[in-house]
Amino acid sequence: MSLSTDNFILALRRFIARRGRPSIIYSDNGTNFIGMGNSLKTINIRRLETSFTPITWKFIPPAAPWWGGFWERLIGLLKRILRKVLGRTSLNYQEMEIVLCDCESQLNSRPLTYVSDDPDDLYPLTPDLFLKDIRNSVTADLHKIRSTDKK
């Protein structure tokens, strides 16, 4: 994997296929993001307006990296989860992709509001509630399934 504009375009296409087309994207000033922003400017939007909603790209100021603190915090949380899950394990591409999807699920199921001990209280607000309708996306542990199949 490289940080080229072409690879970023492929990653953006995967994101759009999974989550839908965003109307606004905020990013830092990485060369791959700048390249994509420039590519979007060259598209004749008027010709595509009937079937294509343009994506507005907003860059943080070049000398103000703290403006990206929100997503940098999420990246830090993801790295922390990966360190705990992987340790020194070496994975192939497909295994790493699955681990990242599991980590994404964990990050998106974290509570954003107060969590009460009272079972009659409402469920806490989580990012998952905004992203999908499914309440719980945890899959059964495959090693447990396999061990019960053998018996």
S.K.: When clusters are formed by joining ILVMFWY residues with side-chain heavy atoms under 4.5 Å apart, either directly or through shared neighbours, do F59 and F70 land in the same one?
M.R.: no
S.K.: Within a reach of under 6.0 Å around CG of D117, are more than 12 heavy atoms found that belong to other residues, nucleotides or ligands?
M.R.: no
S.K.: Are L74 and L100 connected in the hydrophobic side-chain network, where two residues link if heavy atoms are under 4.5 Å apart?
M.R.: yes
S.K.: How many angstroms lie between CG in N108 and SG in C103, if you round to the nearest 0.5 Å?
M.R.: 11.0 Å
S.K.: Identify the two heavy atoms, one from P124 and one from T113, that lie closest to each other, and give their separation to 0.1 Å.
M.R.: CA-OG1, 3.5 Å
S.K.: Is there side-chain contact between L77 and R80, with at least one heavy-atom pair below 4.5 Å?
M.R.: yes
S.K.: Might you work through the side chain to side chain contact (heavy atoms under 4.5 Å, CB included) test for Y26 and W71, ending with a clear yes or no?
M.R.: CA-CA 10 Å; Y26 294 90; W71 59 78; 3.8 Å; yes
S.K.: Please round to the nearest 0.5 Å and tell me the distance separating atom CD of E104 and atom CD of E97.
M.R.: 10.5 Å
S.K.: Going by the rule salt bridge (charged side-chain N to carboxylate O under 4.0 Å, His left out), which residues pair with E95 if we only count those two or more places apart in sequence or in a different chain?
M.R.: none
S.K.: Can you name the closest pair of heavy atoms from S105 and D128 and give their distance?
M.R.: O-OD2, 4.2 Å
S.K.: Between OG1 of T126 and CG of L112, what distance do you get to the nearest 0.5 Å?
M.R.: 6.5 Å
S.K.: Before giving the answer on side chain to side chain contact (heavy atoms under 4.5 Å, CB included), spell out for L82 and M96 the whole-Å C-alpha distance, their side-chain angles and the decisive distance to 0.1 Å.
M.R.: CA-CA 10 Å; L82 284 173; M96 186 64 185; 4.2 Å; yes
S.K.: Just to verify, what does I16 make a side chain to side chain contact (heavy atoms under 4.5 Å, CB included) with, not counting sequence neighbours?
M.R.: L12, R21, P22, I55
S.K.: Measure from the side-chain N and O atoms of R110 to the backbone N and O of L107, and report whether any donor-acceptor pair falls under 3.5 Å.
M.R.: yes
S.K.: For L91 and V99, work out which heavy atoms get closest and say how close.
M.R.: CD1-CG2, 3.8 Å
S.K.: Excluding sequence neighbours, so at least two apart, what forms side chain to side chain contact (heavy atoms under 4.5 Å, CB included) with R13?
M.R.: I9, L10
S.K.: When rounded to the nearest 0.5 angstrom, what distance separates CD1 in I98 from OH in Y93?
M.R.: 11.0 Å
